[in-house]
Amino acid sequence: MKYHLLPRTVFSLMVICMSAGLSAQNTKTGSLDIINLTYHLNSRFALFTEAETRSQLITKDFFYHEIKAGAFYYFPNTSSLFAGFGNYETYTSPGAFKRPVIANEYRLWEQLTIGTNIGKLKIEHRYRIEQRWINGKYSNRFRYRISPLMPLNHKTILPKTIYLTVNDEVFFTDQQPYFIRNRVYAGGGYQFSKVFTLQSGFIHQFDYRITDGGSGTNYIQTSLIFNLNYTNTKRPLHLVTE
């Protein structure tokens with residue numbers, strides 16, 4: 001394979017994988033809305049917080065919200081370590097956060113993100129380990145995500161850059177059925193400045209179950225991404241959220 005064809009090939013393979021996932025049945029599309037803020041203390045450390053809501057339909061039946069925070073450590077290259085914690089609540093639906101709360105979760109997690117660049121194409125591999133307390137019951141979860149990102153009008157992500165991104169993430173546990181979820185995403189964004197980026201796209205999430213095989217859910221995701229006190233122009237910003 002010629003070197004200059006590799007970015008296009010990676011994107012093609014990702015689109016094929018997502019098309020297969022989207023074949024699962026589901027007639028509803030909800031919203032998944034995110035506000036993401038990172039404050040860079042220096043070139044090595046940053047603080048992070050994120051709020052998220054989800055709905056069964058685009059503008060109504062909000063049934064889920066989360067708030068989380070943590071800290072990054074950046075290596076001299078394009079990789080990073082992260083540790084965080086959060087609270088996640090799922091409500092009875094349909095309705096707008098209609099009580100009672102059917103799942104109240106507290107979570108700790110640790111992750112390693114490894115970034116590589118192939119020409120203009122940026123690829124991130126994210127490995128995450130989660131410790132979860134759902135209604136007081138403890139469980140573990142393990143996640144891996146691959147995220148290609150392609151800037152269209154610049155060589156890297158800079159202010160006034162339009163970009164496309166896709167990702168595929170798999171979820172595992174240490175209990176049956178072990179492989180429990182696959183989440184695929186396709187979208188794009190625009191970085192207005194060093195401070196603000198808007199990203200939007202389509203998510204298909206399929207949850208596997210032993211009893212009935214599982215079910216799929218579709219979301220339109222909209223992310224408002226804020227990076228404060230960011231001065232390291234040699235390291236591209238991490239823009240893939242959730």
Side-chain angles (χ1 to χ4, degrees), residues 10-24 26 29-34 36 38 48 50-54 64-66 68 70 72 78-86 88 90 103 105 107-116 121-132 134 139-150 163-175 177-189 197 199-209 213-223 225 237-242:
V10 172
F11 262 90
S12 298
L13 290 173
M14 292 292 292
V15 170
I16 291 171
C17 291
M18 287 189 295
S19 298
L22 291 172
S23 63
N26 191 357
T29 298
S31 65
L32 195 158
D33 304 309
I34 295 172
N36 174 306
T38 303
F48 166 89
E50 185 174 279
E52 177 182 323
T53 63
R54 298 182 194 178
Y64 173 93
H65 65 71
E66 64 182 58
K68 51 195 176 185
F72 282 100
T78 56
S79 302
S80 67
L81 288 174
F82 180 85
F85 63 93
Y88 310 74
T90 304
E105 177 183 352
R107 185 186 306 174
L108 301 175
W109 79 94
E110 306 80 41
Q111 75 182 35
L112 169 67
T113 301
I114 300 174
T116 58
L121 181 67
K122 176 184 178 182
I123 303 176
E124 288 191 342
H125 303 270
R126 191 180 75 179
Y127 305 86
R128 179 180 289 186
I129 302 173
E130 298 176 333
Q131 300 83 47
R132 310 171 72 199
I134 305 174
S139 64
N140 296 306
R141 192 165 68 178
F142 313 96
R143 300 165 59 169
Y144 165 72
R145 186 178 75 183
I146 180 171
S147 305
L149 185 150
M150 175 71 77
Y163 63 91
L164 298 176
T165 182
V166 295
N167 64 64
D168 191 3
E169 184 170 20
V170 289
F171 296 67
F172 300 89
T173 69
D174 51 5
Q175 300 176 359
Y178 302 112
F179 178 40
I180 59 171
R181 175 177 292 173
N182 185 60
R183 178 187 288 163
V184 291
Y185 171 89
T197 301
Q199 181 173 309
S200 186
F202 180 81
I203 290 176
H204 178 75
Q205 177 174 292
F206 192 88
D207 294 297
Y208 295 89
R209 294 186 295 268
S215 61
T217 309
N218 298 325
Y219 297 104
I220 299 297
Q221 184 193 69
T222 302
S223 301
I225 305 167
L237 290 173
H238 175 78
L239 293 174
V240 181
T241 62
E242 220 289 313

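The analysis underlying the following values was restricted to heavy atoms, covering all of them including side chains, and did not include hydrogens, waters or symmetry mates.
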What residues form a side-chain contact (heavy atoms from CB on, under 4.5 Å) with [X], not counting sequence neighbours?
X    : result
T116 : I123
S31  : D33, S55, F62
F85  : A69, L108

May I ask you to test the [X]-[Y] pair for a side-chain heavy-atom distance under 4.5 Å?
X    : Y    : result
Y163 : T197 : yes
F206 : V184 : no
R126 : E169 : yes

Rounded to the nearest 0.5 Å, what separation is found between the [atom1] atom of [X] and the [atom2] atom of [Y]?
X    : Y    : atom1 : atom2 : answer
L149 : K122 : CG    : NZ    : 6.5 Å
R181 : R143 : CZ    : CZ    : 7.5 Å
R141 : D174 : CZ    : CG    : 12.0 Å
I114 : S80  : CD1   : OG    : 9.5 Å
N36  : Q199 : CG    : CD    : 9.5 Å
T113 : E124 : OG1   : CD    : 6.0 Å

State which residues pass side-chain hydrogen bond (donor to acceptor under 3.5 Å, both in side chains) with [X]; sequence neighbours excluded, sorted by chain then number.
X    : result
Y64  : E66
R128 : Q111
Y144 : H125

For this session: For F82, check ring pair (Phe, Tyr, Trp, His ring centres under 6.0 Å) against everything at least two apart and list the hits.
Result: F48, F72, W109
For this session: For F172, enumerate each residue passing the ring pair (Phe, Tyr, Trp, His ring centres under 6.0 Å) test, keeping only those at least two apart in sequence or located in another chain.
Result: F179
Exercise. Who passes salt bridge (Lys or Arg N to Asp or Glu O under 4.0 Å) against R107, sequence neighbours left out?
Worked result: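 R107: salt bridge (Lys or Arg N to Asp or Glu O under 4.0 Å) contacts with E105, E130.
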Exercise. For E52, what residues pass the salt bridge (Lys or Arg N to Asp or Glu O under 4.0 Å) criterion, not counting sequence neighbours?
Worked result: R54
Which pair of heavy atoms, one from [X] and one from [Y], lies closest together, and at what distance?
X    : Y    : answer
G115 : T78  : O-OG1, 2.6 Å
P148 : V166 : CD-O, 3.1 Å
T173 : Q175 : OG1-O, 2.8 Å

For this session: Give the C-alpha distance, both sets of side-chain angles, the deciding distance and a yes or no for side chain to side chain contact (heavy atoms under 4.5 Å, CB included) between I34 and E50.
Result: CA-CA 7 Å; I34 295 172; E50 185 174 279; 3.5 Å; yes
